[in-house]
2 protein chains.
Amino acid sequence: MLTIGKLGEAAGVKVPTIRYYEQIGLLPEAERSAGNQRLYSRKAQGRLAFIRHARDLGFTLEAIRDLLSLSDRPDQSCAAADAIAKAQLAEVESRIARLTALKAELERMVVQCAGGKIADCRVIEVLGDHSLCETNHRHPETEATH
Amino acid sequence: MLTIGKLGEAAGVKVPTIRYYEQIGLLPEAERSAGNQRLYSRKAQGRLAFIRHARDLGFTLEAIRDLLSLSDRPDQSCAAADAIAKAQLAEVESRIARLTALKAELERMVVQCAGGKIADCRVIEVLGDHSLCETNHRHPETEATH
DNA sequence: CTTGAAGCTATAGTTGCTAGAGACATTAGG
DNA sequence: CCTAATGTCTCTAGCAACTATAGCTTCAAG
């Protein structure tokens with residue numbers, strides 16, 4: 001049995017994140033030691049690795065919740081799992097498409113900036129006037145956070 | 001002078017978003033009508049368009065705050081604006097790189113799924129075992145929200 | 001003059017965590 | 001066996017960038 005710290009280390013997940021996953025019901029409530037500390041089995045470690053891996057692939061926690069409950073029923077059809085993965089793939093593809101358009105526009109801006117005064121700055125000018133753009137980067141649909 | 005609704009319509013920004021921008025100091029406090037409703041000048045409209053456009057290009061509100069204050073000082077050097085745009089370009093490029101790796105892995109998963117039972121599902125299997133992956137899609141660095 | 005749309009403020013919710021406070025548990029060294 | 005350092009506990013609040021709700025006031029059209 002692993003303590004939460006060891007588990008986090010093994011799975012590459014921070015300790016508060018594990019507690020958070022338990023809190024939102026993505027991980028089952030852990031067993032506790034005599035002193036009320038969480039203890040994890042190998043099975044729990046596998047489940048956390050699954051979550052971590054799916055997160056790395058960009059699945060939302062909601063999608064992961066569904067995937068986990070599917071993986072708990074091994075004799076059902078995998079159509080649902082397939083659909084979730086395909087949806088994620090489509091999402092990733094559309095993000096790439098959008099980001100590629102942004103990249104083109106940003107490159108244009110940066111290249112055209114001659115490095116003079118703000119008044120002549122192409123960056124500022126283009127931002128102020130969308131009609132100076134070549135591509136249609138309207139409709140965000142999903143943007144990234146840091 | 002435009003009401004907040006007209007302004008939002010003109011700039012493609014939702015009304016609560018405009019109030020939010022004012023609240024965080026990205027837009028100056030609007031003038032008010034006799035009945036306490038916000039009124040906007042053409043200048044304000046331009047500023048909002050600038051913000052909207054920069055958001056469309058993926059700049060954070062913090063970066064936009066800086067860009068706006070730069071654009072208010074037209075005789076300064078545009079090096080700072082250039083740097084912000086270049087940083088944004090780098091950010092976009094690294095996101096594209098990461099998403100492209102994810103896309104490859106998701107495609108592999110989806111293609112290999114034969115559509116049988118969960119027990120044989122490649123999607124579930126790969127998620128449970130990172131060593132089945134070809135690419136190294138570790139280290140998220142920044143993931144997207146919806 | 002009345003009705004319905006649009007505006008106001010204030011608060012809480014979204015996603016996926018992360019950070020902090022203050023208290024208890026465990027472990028290693030002396 | 002005692003102490004100090006680390007680990008863990010709960011709880012709350014914060015991050016980005018909005019969005020949604022509630023309960024009110026104001027405005028424009030008929």
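Reminder, nothing fancy here: chain letters follow the sequence lines and each chain counts from 1. Model, not experiment: these values are computed from the prediction.
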Using only side-chain N and O atoms of [X], determine if any of them is under 4.0 Å from OP1 or OP2 of [N].
X: A:Thr3; N: D:dG7; answer: no
X: A:Arg32; N: D:dT10; answer: yes
X: B:Thr17; N: D:dT19; answer: yes
X: A:Arg38; N: D:dC9; answer: yes
X: A:Arg19; N: D:dC9; answer: yes
X: A:Lys14; N: C:dT18; answer: yes
X: B:Tyr21; N: D:dA17; answer: no

How does each nucleotide of nucleotides 22-30 of chain D score, in 5' to 3' order, for protein heavy atoms under 4.0 Å: base (B), sugar-phosphate only (S), or none (-)?
----SS---
Counterpart residues, side chain to side chain contact (heavy atoms under 4.5 Å, CB included), relative to A:Gln45 (two or more places apart)
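Partners of A:Gln45 by the side chain to side chain contact (heavy atoms under 4.5 Å, CB included) criterion, ordered by chain and then number, come out as A:Leu2, A:Leu7, A:Ala10, A:Arg42.
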Checking A:Ser77 now: which residues fulfil side chain to side chain contact (heavy atoms under 4.5 Å, CB included) with it, not counting sequence neighbours?
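If we apply the side chain to side chain contact (heavy atoms under 4.5 Å, CB included) test to A:Ser77, skipping adjacent residues, the hits are A:Ala79.
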Find the distance A:Ile24:CD1 to C:dT15:P and express it as a whole number of Å.
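Rounded to whole Å, this separation is 9 Å.
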B:Tyr20 has an atom OH; how far is it from atom P of C:dC8, in whole Å?
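Between P of C:dC8 and OH of B:Tyr20: 18 Å.
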Of the listed nucleotides C:dG7, D:dT8, C:dT18, the one nearest the side chain of A:Ile4
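Nearest nucleotide to the side chain: D:dT8.
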Judged by each residue's nearest nucleotide on DNA chain C, which is more toward the 5′ side, B:Gln23 or B:Val15?
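The residue whose closest nucleotide sits nearer the 5' end is B:Val15.
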Side-chain donor or acceptor of B:Gln88 paired with backbone N/O of B:Gly58 under 3.5 Å:
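Side chain of B:Gln88 to backbone of B:Gly58, a donor-acceptor pair under 3.5 Å: yes, one is there.
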